[in-house]
Amino acid sequence: MPEITLIEGVNLALKEKMAENENVVVLGQDVGLDGGIFRATIGLIEEFGADRVIDTPLAEAGIIGMAVGMAMNGLIPIPEMQFSGFSYTAFHQIENHVARYHWRTRGQIPMPMVIRMPYGAGVRAFELHSESREAYWAHTPGLKVVIPSTPRKARALLRAAIEHPDPVVFYEPKAIYRAFRENVSDEPETMEIGKAEVVREGRHITMIAYGAMMPRTLEAARMLADEGIEAEVIDLMTVSPLDEETIIESVRRTGRALVVHEAPRSFGPAAEIIARLNDKIFFELEAPVARVTGYDMPPPFFAREQWFLPSPTRIADEARETLKL
Amino acid sequence: MPEITLIEGVNLALKEKMAENENVVVLGQDVGLDGGIFRATIGLIEEFGADRVIDTPLAEAGIIGMAVGMAMNGLIPIPEMQFSGFSYTAFHQIENHVARYHWRTRGQIPMPMVIRMPYGAGVRAFELHSESREAYWAHTPGLKVVIPSTPRKARALLRAAIEHPDPVVFYEPKAIYRAFRENVSDEPETMEIGKAEVVREGRHITMIAYGAMMPRTLEAARMLADEGIEAEVIDLMTVSPLDEETIIESVRRTGRALVVHEAPRSFGPAAEIIARLNDKIFFELEAPVARVTGYDMPPPFFAREQWFLPSPTRIADEARETLKL
Amino acid sequence: MPRRIIERPRGIEYLSILDEKGRVDKKLEPDIPEETLKAIHRLMVFARLFDERTLQLQRQGRIGTFAPIKGQEAAQVASVLRLREQDWFVPSFRETAAQIHRGLTPQDVWLFYAGYREGVRVPEHDLPLCVPVGSQCQHAVGIAYASKLKKRDEVTMVFHGDGATSEGDFHEAMNFAGVFHLPVVFVCQNNQWAISLPRERQTASKTIAQKAIAYGFGGIQVDGNDPLAVWVAAGEAVERARSESEPTLIECVTYRLAVHTTADDPKRYRSDEEVKEWEKKDPIPRFEKYLKAKGVMSDKDFAAVREEIREELKTAWKETEQVIRELEATRPDVIFDAIHAETPPELAEQRAYFLRRLEREGGRHA
Amino acid sequence: MPRRIIERPRGIEYLSILDEKGRVDKKLEPDIPEETLKAIHRLMVFARLFDERTLQLQRQGRIGTFAPIKGQEAAQVASVLRLREQDWFVPSFRETAAQIHRGLTPQDVWLFYAGYREGVRVPEHDLPLCVPVGSQCQHAVGIAYASKLKKRDEVTMVFHGDGATSEGDFHEAMNFAGVFHLPVVFVCQNNQWAISLPRERQTASKTIAQKAIAYGFGGIQVDGNDPLAVWVAAGEAVERARSESEPTLIECVTYRLAVHTTADDPKRYRSDEEVKEWEKKDPIPRFEKYLKAKGVMSDKDFAAVREEIREELKTAWKETEQVIRELEATRPDVIFDAIHAETPPELAEQRAYFLRRLEREGGRHA
Ligand SMILES: Cc1ncc(C[n+]2csc(CCOP(=O)(O)OP(=O)(O)O)c2C)c(N)n1
Ligand SMILES: Cc1ncc(C[n+]2csc(CCOP(=O)(O)OP(=O)(O)O)c2C)c(N)n1
Ligand SMILES: [Mg+2]
Ligand SMILES: [Mg+2]
């Protein structure tokens, strides 16, 4: 397999799963002929036909609601929300139905479904094309939230999400859709939902991130390494449910932690990770857990969006501060 | 003024503000002739007419979207969502527009508005009539989130919310709409948005709660008092922005804290409070901050909903646990 | 080039066969087998008596808030009876009669209204009732899409109220149904009220049926208290769905004779006179006149049916009480059951915590 | 009692006055003052040249993603010109020409597309462009409600695309407008495409205009590339709103001759032939033929107008470049400005943190 980009990883997983299982269908705005506005679904309509690669009218609640019905009648729908900022139109269908059908019916009506949506700032887009609100979905009982950070993980996690029996919100870091390439195996690869990965080992501090913040966090780790600070870096991959085991095992060793996300700070994902560390290993923490996050505002209009996003410098600085304590 | 219930406090504030300011309008499902299904708007249509107390068609996004336009054209709309569980149909209007118009236009188009909605479990209602998802709104930049816990506060905070220049989500604890009565002043009373209140003083632990969890938390404090444990109790009143000052001043004194909410635990409001304490006074904490919350599930069907809600016993037990550490 | 009419939407048809007085339009009268006539009758009466019994139970505090269907029996019974077993039934929250026809038992319904998740039993190709108004319409569309994709001979019938037509969800579902040519039948129970909002203030269109024009398919208005008219319209629509894969909107003009739910006080917003007027149009006496005139059933038969149903309900409630006792004895950590197919670790931990507390408190608290 | 037609919706009218070839239907020709004809012309040409210039700027990387309006000038210009100053203008995101008429400058637009919040300047009684498709329709309804409540002589005109009609928001807004009898005009820019989805697959209704039937008010389809037809239909609708407080839906049949946005590649989903066919219907040459035939303007006048606009745009861009330099020199903590009317303490703290970092990093990072 040649080296591929993250978006190609998404595309590959979709192709593979559609070929493996004829019940898998893709639906959304412009997912057919156009191949998706980011080309995530390119080539699918040619291979699987317009009945399984469905261009829908412009209605997010309609798309998710239709997917709910499809899942009830034997399909595994993969609806796309064109941008996460437009998924709110379908919020009620996701919260009231996608997240609750299994619960409501005590499993009589399961809800296998993967809701794909690109998220995040950094692509010089209009307003509402740069949001990062994974916390909404993570706070919604019944959903799983998965966010890949590399091409290989995109492919392996999306495959896993499609095979997963519960509904998964698959949040795609569009800022790194094409940022770099990675080798993926010829054989279909699947990674477990709910597992984080230590992507860099270190003993001084644990830095936790996911999605588009991973390259920045790794860059910060390299900057710190130059100064002799060995940062351990964890890629969450699944934001909900959190892989406490991996996080706690690491922070127990390092005694210090830092969480990075581009979502607004207040009531954001980092708060939950801090709360878990507080719950479980409070007395083993040697310093407060740092959070390096977006500010409490919508992502700024794009000329100034880089001022909003956590930079490697800022991440490294906060790590240094934590190490001083 | 006779003693009134919480819902009567809401009604009183609406009446007062509608009389004081002819730009204030109320809109929603059944808010007119019916007086609101909880009677929050009773008597308003008789006093202010059907043009200002507006029975709308059954469409939440329509209601909020209409309120956005009203605010643009000089009114101060108070839309009602019949239950918080149905507000998600309007999520996009709230996130994309209500929360952002001031920001988007740099204040050229302000968005004064109070979105009222009853929330919470404990009233033996159908599914989706018992939700507590204040975290969604608290995580949304641009909104303020206010939750009263007594009749007097309902009246004074709702008045303040209507006078407030920013959009406020006014989350009403329906479980205690009629649970008890309280004296309110004849003179209009207003309480500041963004301020918490120490409602019971103590020196061993700080217990933080709001809304329908207040009576339960106070009950727990009384139980603890019998054992000589003096719990300080804070009523948040505003969930966003948090009144860090009051919280920190208290926890600094007690060294221990516990947060109560009925919202699901993961990625819930307590996590943010823990994160703030971690950020600001980590080294002054003598034990991990406890959280006593709803579980990560939709509120159970009502025959078993009391098993879900934090009970005074449970709150008190968690406080004792914290004190052992 | 000039000003000209480019589209003349078809007129909106109204269908009524059996009028308030029990007179039948012979030219339009459908040929319904006797057994089916009896089935329609029994189900309508069953629904009426079930409603009454359930209201009693609610008043006695045995169950919680309940949404009666009184007055709307014909509209939902004569329509749902047009479905075959393999067809899909998608209710709103006021189709108890239809749900019972599809396989729910009184016990299921009572357990649901008594606040037990165990009351949500889902017969195959049925959905449970849907609380968020209108949101079920899109599910019907997705189900129908899957049927069509898999070339399965399945029709989907979805119920919704007049109020539901104001929701964006209804619109999006109708539009998708039109665009994808789906075998789905929308049955609007226009009972004149959405809690306190009368039909005329729900929408400014003269009929609800004409809303179908916006989506490029057919709509028809029927006397929803006339089982014959509903039967005919639903039959045509189901057939159109089945053979042409085309959707239809059927507006059943009916009336909610009772409260919105037991938490509602209709005196606040509507007059007794209006209710009395509509009581005269009650579908059950009307249909019984028809059955008698046709010689299908006699007064004695009617009484026997009622007696039989009352007995059935009596037994059913006794059994339900027993089940409720059993449910109450169940360890309350069942609230943690089946939230996901794969339980997240934090939830497993929360359940363990719950059980620890439960044990410590001797089962009284958690 | 029997099967009968109870509602015959009015036929949907199509209006065209000035055809592709520049021929005019004399019976329908409106009497538009010369100055207004020239204003329509100038604004259409301005829009076209502005579009071209902006595309260039985008290709040069001076601004970001941009949504051209090429081909839709008549539909938005001849409609918005029907508003008086006190009327309200609610755009979607593809009404640059209308926005410029209402008071935006090229600089505002460029700043917006260059990613500066400073580009959102809001002329009184205007809204800024709206990104979430269809969601602005409800705002128009609320504005119109307030106008009516306050008995102010204000009409609201809201623009949306063909794609927008599929959103629940459009439906709810139309329904509210009908129920409350609001002075609002819905102008649908049916440009045949919603990104890659053609009009026929957006909805199964034959026209978009007929969707008004679902809401109890009038709809009309016009040749959206014919400024005279748009002028007449918009004038009638505005007048109906003003004097009868009744809404109207106007479907302007037009075409998006360019890309959806500069991020789009239409070759993936539509044929060059189709585009060529529609180029023949371009509103500008057509209108110029009309103006010439009428003796209102000559080729020389047209050239002069173009020259003048080009100069204006040249100056405007120079000034904009200067403003961008100034904005770039602004301390970047402006991102914290005006998020709320009352800044929450945590946000003030975040800004202070940002400034501390900025200082430490010598203004290069934060
Ligand atoms: C989305 C949503 N909003 C509000 C409610 C509260 N509610 C329950 S039933 C109802 C009225 C429904 O009217 P209609 O659709 O006509 O059905 P009917 O009650 O007459 O059977 C309302 C407002 C709800 N369940 N869901
Ligand atoms: C709610 C929402 N969903 C999706 C998008 C992405 N999007 C932007 S424009 C567009 C197509 C709009 O089509 P139409 O309404 O016909 O307007 P046009 O682009 O043709 O002017 C889409 C899907 C959006 N902006 N908002
Ligand atoms: Mg109704
Ligand atoms: Mg379009």
Side-chain angles (χ1 to χ4, degrees), chain A residues 60-61 85-96 99-100 103-104 127-128 131 133-142 239-242 259 263-283 285 287-291 294-298 301 325, chain B residues 60-61 85-96 99-100 103-104 127-128 131 133-142 239-242 259 263-283 285 287-291 294-298 301 325:
Chain A
E60 287 76 13
F86 303 131
S87 63
Y88 311 139
T89 311
F91 204 108
H92 60 297
Q93 284 289 347
I94 299 176
E95 202 285 332
N96 295 352
R100 286 168 178 260
W103 166 78
R104 173 180 299 139
E127 196 203 339
L128 281 163
E131 324 311 301
R133 299 282 170 86
E134 58 278 17
Y136 291 153
W137 312 122
H139 185 53
T140 303
V239 168
S240 176
L242 282 170
V259 189
R265 179 183 186 89
S266 292
F267 301 86
E272 180 60 29
I273 294 169
I274 291 172
R276 297 283 174 101
L277 293 171
N278 163 89
D279 291 353
K280 298 290 174 66
I281 54 166
F282 175 79
F283 291 108
L285 291 174
V289 180
R291 25 181 191 171
Y295 302 109
D296 287 347
M297 62 177 70
F301 278 37
L325 296 173
Chain B
E60 288 75 13
F86 304 131
S87 64
Y88 312 138
T89 311
F91 204 106
H92 61 294
Q93 284 289 348
I94 299 177
E95 200 286 332
N96 295 351
R100 286 168 177 259
W103 166 77
R104 173 181 298 138
E127 196 203 338
L128 280 161
E131 324 310 301
R133 299 284 169 85
E134 58 277 18
Y136 291 153
W137 312 121
H139 185 53
T140 303
V239 168
S240 175
L242 282 170
V259 189
R265 179 184 187 87
S266 293
F267 301 87
E272 180 61 27
I273 294 169
I274 292 172
R276 296 284 173 102
L277 292 170
N278 162 88
D279 291 353
K280 297 290 171 69
I281 54 166
F282 176 79
F283 291 108
L285 291 175
V289 180
R291 26 180 190 170
Y295 302 108
D296 288 346
M297 62 177 71
F301 277 38
L325 297 172

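Residue numbers begin at 1 in each chain, while the letters A, B, ... track the order of the sequences.
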Checklist line | CD on A:Glu134 to NE2 on B:His139, rounded to 0.5 Å | finding: 6.5 Å

Next item on the list: Calculate, to the nearest 0.5 Å, the distance between atoms CG and CZ belonging to A:Leu325 and B:Phe282 respectively.
Entry: 9.0 Å

Notebook entry, point to check: Is it the backbone or the side chain of B:Ser87 that comes under 4.5 Å from a heavy atom of chain A, or both, or neither?
Noted result: neither

Check: Between atom CG of B:Asn96 and atom CG of A:Leu128, what is the distance when rounded to the nearest 0.5 Å?
Finding: 4.5 Å

Notebook entry, point to check: Which of parallel (below 30°), tilted (30 to 60°) and perpendicular (above 60°) describes A:Phe91 and B:Phe91?
Noted result: parallel

Margin query: My understanding is that only residues two or more places apart in sequence, or in another chain, count here; which of them pass side-chain contact (heavy atoms from CB on, under 4.5 Å) with A:Pro141?
Written below: B:Arg133, B:Pro264, B:Pro298

Next item on the list: Return the option, out of A:Val289, A:Ile281, A:Leu285, with the maximum number of heavy-atom pairs under 4.5 Å with chain B.
Entry: A:Val289

Notebook entry, point to check: Which heavy-atom pair separates A:Asn278 from B:Pro288 by the least distance, and what is that distance?
Noted result: O-CB, 3.1 Å

Check: If you count heavy-atom pairs under 4.5 Å between each of B:Gly142, B:Ala61, B:Ala263, B:Pro269 and chain A, which one has the most?
Finding: B:Pro269

Checklist line | chain A interface, residue from B:Phe283, B:Phe86, B:Phe301 that has the most non-hydrogen pairs under 4.5 Å | finding: B:Phe283

Next item on the list: With a 4.5 Å cut-off on heavy-atom pairs, point out which of A:Leu277, A:Leu242, A:Asp296, A:Thr89 contacts chain B the most.
Entry: A:Thr89

Checklist line | Within-4.5 Å side-chain heavy-atom neighbours: A:Tyr88 and B:Ile94 | finding: no

Note to self: As an exercise: rank B:Ser240, B:Ala287, B:Gly268 by heavy-atom pairs under 4.5 Å with chain A and give me the winner.
What the structure shows: B:Ala287

Checklist line | For chain B, the option from A:Glu95, A:Glu131, A:Met297 that forms the most heavy-atom pairs under 4.5 Å | finding: A:Glu95

Item checked: Best-contacting candidate, A:Lys280, A:Arg265, A:Arg276, A:Arg100, against chain B by heavy atom pairs under 4.5 angstrom -> A:Arg100

Notebook entry, point to check: Can you name the ring-ring contact (aromatic ring centres under 6.0 Å, His included) partners of A:Phe267, sequence neighbours left out?
Noted result: none

Margin query: For A:Tyr295, which atoms come within 4.5 Å of any heavy atom of chain B: side chain, backbone, both, or neither?
Written below: neither

